[in-house]
Amino acid sequence: MNVFARELLRWYDHHGRKDLPWQHPRDAYRVWLSEIMLQQTQVVTVVGYFQRFVERLPTLASLAAADEDTVLALWSGLGYYRRARFLHRAAQLCVERHGGELPRELDALMALPGIGRSTAGAILAQAHGLRFPILDGNVKRVLSRYHGIAGFPGESAIEKQLWRHAAEHTPAERIADYTQAIMDLGATVCVRAKPLCLLCPQAATCVAHRDGLTGVLPTAKPGKKIPTRSLAMLLLRDARGRVLLEKRGPQGVWSGLWSLPEATDPDAAGMVASGLARIGEADPLPAFTHVFSHYRLDVSPILFDHAAPLATVADRDDRRWCDREELASLGLPAPVRTLLANLPEIAP
DNA sequence: AAGTCGGGGCT
DNA sequence: AGCCCAGACTT
């Protein structure tokens, strides 16, 4: 076994994480679900969502049989909702194509929606002990420092080098442990800011440590400033306290989630609202800003209390008057859920 | 190669 | 205030 892997496994035996919920039991479905949830999402955030999800949908078959609103409700607040829709579709494809199980071949895994090369490698390595490398954010950070590779890891030439090193280091034995170990090293020792090189099993041979480059490697993403958009959210509430929600389409942000009707700005809100219900006065609520990774959204919520549902808008698949109980069973964008939770009581 | 897709934690 | 996180997909 190569020196890198041997030292890493020795460290893992004493200091690795061995009590994460997807490690017990470590079956393919749970590894897969954890990998999808962990895409661009930190472990501490995922743990609670993972436990709730597997409690409600413990098997691939139960996921495939669930309806989309149930899956999105379990995902609500976690973000990147396309992951949940891909997960759901992939489970159904496994039932159709692979006898109800995840395939054990790299190509077949990568052909499923939401599974790229790194996620496929993680599933094969961790669930089945097969010798496939991974290259997530942790591994990119560890390897770019260890080998002293400058350049943004998202750039294709850099990423290609990193994949080559990742494959070289991956041992023939103890693949599942090795895969967990290199992620643990990145998450707990070779962290982005102020890495704990004194505790690192690779410090003696790490280029960045030798040359004092841990502060500049890996090379940061080239910065860019993000635009600001704005809209008004319409809170149409009837006498029973129900709120009108609309299911968003398959494209764009919050795809498939239930959200509030929107207008381009507060001045247009009355016109839009009157097309959805018989309304009285508009009551502006405090505006807030929601930040995405690629733009900033200024939201002006406007409350229309004592709204009277129009028959023509009440009975569509993508439009629904919801009480508080129903909200819990639907996927809502995080800021909308917060907004509804903090709504003032109905004025007399 | 660049843009799209969330939300939260950390500095 | 800005950056990053167990990335993948689309254009």
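These numbers come from the heavy atoms of this one structure, side chains and all, not from hydrogens, waters or symmetry mates. Chain identifiers are assigned alphabetically (A, B, ...) following the order of the sequence lines, protein sequences preceding nucleic acid strands; residue numbering begins at 1 within each chain.
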Grouping ILVMFWY residues whenever side-chain heavy atoms fall under 4.5 Å, the cluster of A/V3 otherwise contains none

Margin query: Applying a 4.0 Å non-hydrogen cut-off, can you work out what A/G77 is touching in the nucleic acid: base, sugar-phosphate, or nothing?
Written below: sugar-phosphate

Q | Side-chain donor-acceptor contact under 3.5 Å, A/E246 with A/S259 | A | no

| request: Mind checking A/T119 for me? I need base, sugar-phosphate or nothing, with any heavy atom below 4.0 Å counting as a touch. | output: sugar-phosphate

Practice problem: Quick one: label A/W32 by what it contacts on the DNA or RNA (base, sugar-phosphate, nothing), any heavy atom closer than 4.0 Å. | Solution: nothing

Tracing side-chain contacts under 4.5 Å among Ile, Leu, Val, Met, Phe, Trp and Tyr outward from A/V44 reaches none

**Report entry** Distance-only polar pair, side chains of A/E7 and A/Q202, donor-acceptor under 3.5 Å
**Finding:** no

Within the 4.0 Å heavy-atom criterion, would you say A/A334 contacts the bases, only the backbone, or no part of the nucleic acid? sugar-phosphate

Of A/Q39 and A/T45, the one whose closest nucleotide on DNA chain B sits nearer the 5' end is A/Q39

Protein N or O to nucleotides 9-11 of chain C N or O, pairs below 3.5 Å:
from, atom 1, to, atom 2, distance (Å)
C/dC9, OP1, A/G114, N, 2.7

Self-check item: Side-chain donor-acceptor pair present, A/T289, A/D298, cut-off under 3.5 Å
Solution: yes

Could you write out each protein N or O paired with an N or O of nucleotides 2-5 of chain C at a distance under 3.5 Å?
from, atom 1, to, atom 2, distance (Å)
C/dC5, OP1, A/R141, NH1, 2.9
C/dC5, O2, A/Q40, O, 3.3

To the nearest angstrom, the CG-P distance between A/L33 and C/dA6 comes to 17 Å

Does this structure show an ion pair linking A/D318 with A/R316, if we count only N-O contacts that are shorter than 4.0 Å? yes

- Any ion pair linking A/D323 and A/R242 (charged N to carboxylate O, less than 4.0 Å)? no

The remaining residues in the hydrophobic cluster of A/V207, counting side-chain heavy-atom contacts under 4.5 Å among Ile, Leu, Val, Met, Phe, Trp and Tyr, are none

ring-ring contact (aromatic ring centres under 6.0 Å, His included) pairs touching residues 118-146 of chain A, sequence neighbours excluded, are A/F4-A/Y146, A/Y146-A/H169

Applied to residues 19-34 of chain A, the salt bridge (Lys or Arg N to Asp or Glu O under 4.0 Å) test, sequence neighbours excluded, yields none

When rounded to whole Å, the CZ to C1' distance for the pair A/R17 and C/dA6 reads 9 Å

Contact span of DNA chain B against chain A, any nucleotide atom under 4.0 Å from a heavy atom, 5' to 3', runs B/dA1 to B/dG9

For nucleotides B/dG7 and C/dT10, find the distance between their C1' atoms and express it as a whole number of Å.
22 Å

| message | Between B/dC5 and C/dC5, how far apart are the two C1' atoms, rounded to whole Å? | response | 14 Å

**Message:** Say we look at C/dA6 and B/dT11: how far apart would their P atoms be, to the nearest angstrom?
**Reply:** 14 Å

From CD1 of A/I182 across to C1' of C/dA6 the rounded distance in Å is 12 Å

Is the distance between the ring centroids of A/F86 and A/H88 under 6.0 Å? no

Residues of residues 143-180 of chain A with a heavy atom under 4.0 Å from any atom of DNA chain C, listed by number, are A/Q180

Side chain to side chain donor-acceptor pair (under 3.5 Å) filter on A/S76, not counting sequence neighbours, yields A/R337

Residue pairs passing the salt bridge (Lys or Arg N to Asp or Glu O under 4.0 Å) test with at least one member in residues 60-84 of chain A, sequence neighbours excluded, are A/E68-A/R85, A/E68-A/K247, A/D69-A/K247

Members sharing A/I175's hydrophobic cluster, built from side-chain contacts under 4.5 Å between Ile, Leu, Val, Met, Phe, Trp and Tyr, are none

A/L135 atom CG is separated from C/dA8 atom C1', nearest whole Å, by 13 Å

